[in-house]
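Written out below as structure tokens is the structure these notes cover.
Both counts, for ligands and for their atoms, begin at 1 and track the order of listing.
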Amino acid sequence: MKTLSIVLPAYNEEQNIPNTSKVLAEFLDKHGIDYELVFISDGSKDNTYAEIQKAAAANPRIKGAQFSRNFGKEAGIFAGLELTTGDAVVVMDCDLQHPPEAIPLMWEKWKNGAEVVEGIKSDRGKESLGYKLSAGLFYKIMSKLIKIDMNASSDFKLLDRKVVNVLLELPERNTFFRALTFWAGFRTEVVEYEVQERQFGNSKWSLWSLMKYAITNATSFSTLPLQLVTVMGVVSILGSVILAVQTLVRYLMGNSVEGFTTVILIVLIIGGFIMLSLGIIGHYIARIYEEVKGRPKYIISQVTDGVNGNVTGRWK
Ligand code: UDP
Ligand code: MG
């Protein structure tokens, strides 16, 4: 019999763990799907890990791990993938904003040969206007940069074991799970779902963390910003040729430009271009620096009893 693993990253979700594990277990039993639930507590400061342990003790199909500190949702997803043993893996949020009802649909598509089933949001759920606008802008830019339409995509998806292995073998540290499945290819189908209300607690994203996430993802997936530096260089060279000709002609005609206004403006514009370019290049150097250090994506400090000890060597 085929098994389905479900990866659930959780950061300070003590109220959601008991509820979500119960809802999912009952739901999957009802649909006759053989499952395992893998909760990854992303360095939670509340009782999330204790709740995971409790759930694991009560149901042998539940297991989990605790990170030594908060490493972010991406790391949580990858650690979860690493601990799964099922033939197919679903990644979903543990606040039940991703409706379990979509899982049997994904499962059916997988049984019929799909290797990746993308969960596509049919609407974005209840979000504040500011969040909607900034998320909309982020996805517009990202879609342009990586040439994949990202707007309705999410981290809610089903992956075949083959695809999971491909993702786990990627050597990079700065991953962007949502786009990587598009990058990997494979036979892809989609399931639409409606984003639900969060069950308990609040969203874990601050504006700052979203901005950092956006910039990191954009630069880890595209070198277009670097080419922007070249474009700025070309623009300044063209501008300088025109100005040089104009200045020389005026000088030869005996009425050279008066005052500092032009000089100040040019210095400011060129200075701005140079600073911006340095910033962009610096950002890529930072990414390279992080990758070269080769530090692990996450550190696991505890695992529940069900987790096989020999995974240790593979914890990246
Ligand atoms: N999450 C995580 N680490 C973090 C932030 C969030 O594992 O640093 C988890 C969180 O527990 C939840 C999922 O990622 O299961 C989505 O987070 P959240 O619901 O806060 O985001 P939103 O649904 O508002 O986009
Ligand atoms: Mg949520």
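- Between Ser44 and Glu14, the side chains place no donor N or O within less than 3.5 Å of an acceptor N or O (distance only, hydrogens not considered).
- Taking atom 24 (O) of ligand 1 as the reference point, the nearest protein heavy-atom neighbour is Ser203 OG, 2.6 Å.
- In terms of protein heavy-atom proximity, atom 1 (N) of ligand 1 is closest to Tyr11 CB, 3.8 Å.
- Those atoms of ligand 1 with a heavy atom of Asp95 less than 4.0 angstrom away are 19 (O), 23 (O).
- Distances from ligand 1 to the non-hydrogen atoms of Gly72 include at least one value under 4.0 Å.
- For residue Asp95, an N/O/S atom approaches the Mg ion (ligand 2) to within less than 2.8 Å.
- The N/O atoms of Pro9, backbone and side chain alike, include one that comes under 3.5 Å of an N/O atom in ligand 1.
- For ligand 1, the atoms sitting less than 4.0 Å from at least one non-hydrogen atom of Asp42 are 2 (C), 3 (N), 4 (C), 7 (O), 8 (O), numbered in the order shown with element in parentheses.
- Atoms of ligand 1 lying under 4.0 Å from at least one heavy atom of Cys94, given by number and element, are 15 (O).
- Contact annotation for Glu13 and ligand 1: only side-chain heavy atoms (C-beta onward) come within less than 4.0 Å of the ligand.
- Looking at atom 25 (O) of ligand 1, its nearest protein heavy atom turns out to be Trp205 CD1, 3.6 Å.
- Ser301 and Arg69 share no donor-acceptor pair across their side chains, judged by distance under 3.5 Å alone.
- For atom 18 (P) of ligand 1, the closest non-hydrogen atom on the protein side is Arg198 NH2, 3.5 Å.
- Atom NZ of Lys45 sits in a crowded spot, with more than 12 heavy atoms from other residues, nucleotides or ligands closer than 6.0 Å.
- Test Lys2, Arg61, Lys63 against Glu36 for salt bridge (Lys or Arg N to Asp or Glu O under 4.0 Å) and you get one pass: Lys63.
- Contacts between Ile40 and ligand 1, counted as non-hydrogen atom pairs separated by less than 4.0 Å, are absent for every part of the residue.
- Proximity to Ala10 (heavy-atom distance under 4.0 Å) selects the following atoms of ligand 1: 7 (O), 11 (O).
- Heavy-atom minimum distance, Cys94 versus Ala10: SG-CB, 3.5 Å.
- With respect to atom 16 (C) of ligand 1, the closest heavy atom belonging to the protein is Asp93 OD2, 3.3 Å.
- Between Phe71 and Phe67, the two ring planes are perpendicular [angle over 60°; tilted spans 30° to 60°].
- Listed for the Glu291 side chain is no donor-acceptor partner under 3.5 Å among the backbone atoms of Tyr289.
- For the residue pair Tyr11 and Gly43, the shortest heavy atom distance occurs at CE1-O, 3.9 Å.
- Looking only at protein heavy atoms, the nearest one to atom 23 (O) of ligand 1 is Gln97 OE1, 2.6 Å.
- Among protein heavy atoms, the minimum distance from atom 6 (C) of ligand 1 is reached at Lys204 CB, 3.7 Å.
- Scanning the protein heavy atoms around atom 14 (O) of ligand 1, the nearest turns out to be Lys73 CD, 3.2 Å.
- Between Tyr193 and His98, the ring planes are perpendicular. Angles over 60° get that label, and only those under 30° would be called parallel.
- Legend: residues meeting side chain to side chain donor-acceptor pair (under 3.5 Å) with Ser21, ordered by chain and number and at least two apart, are absent.
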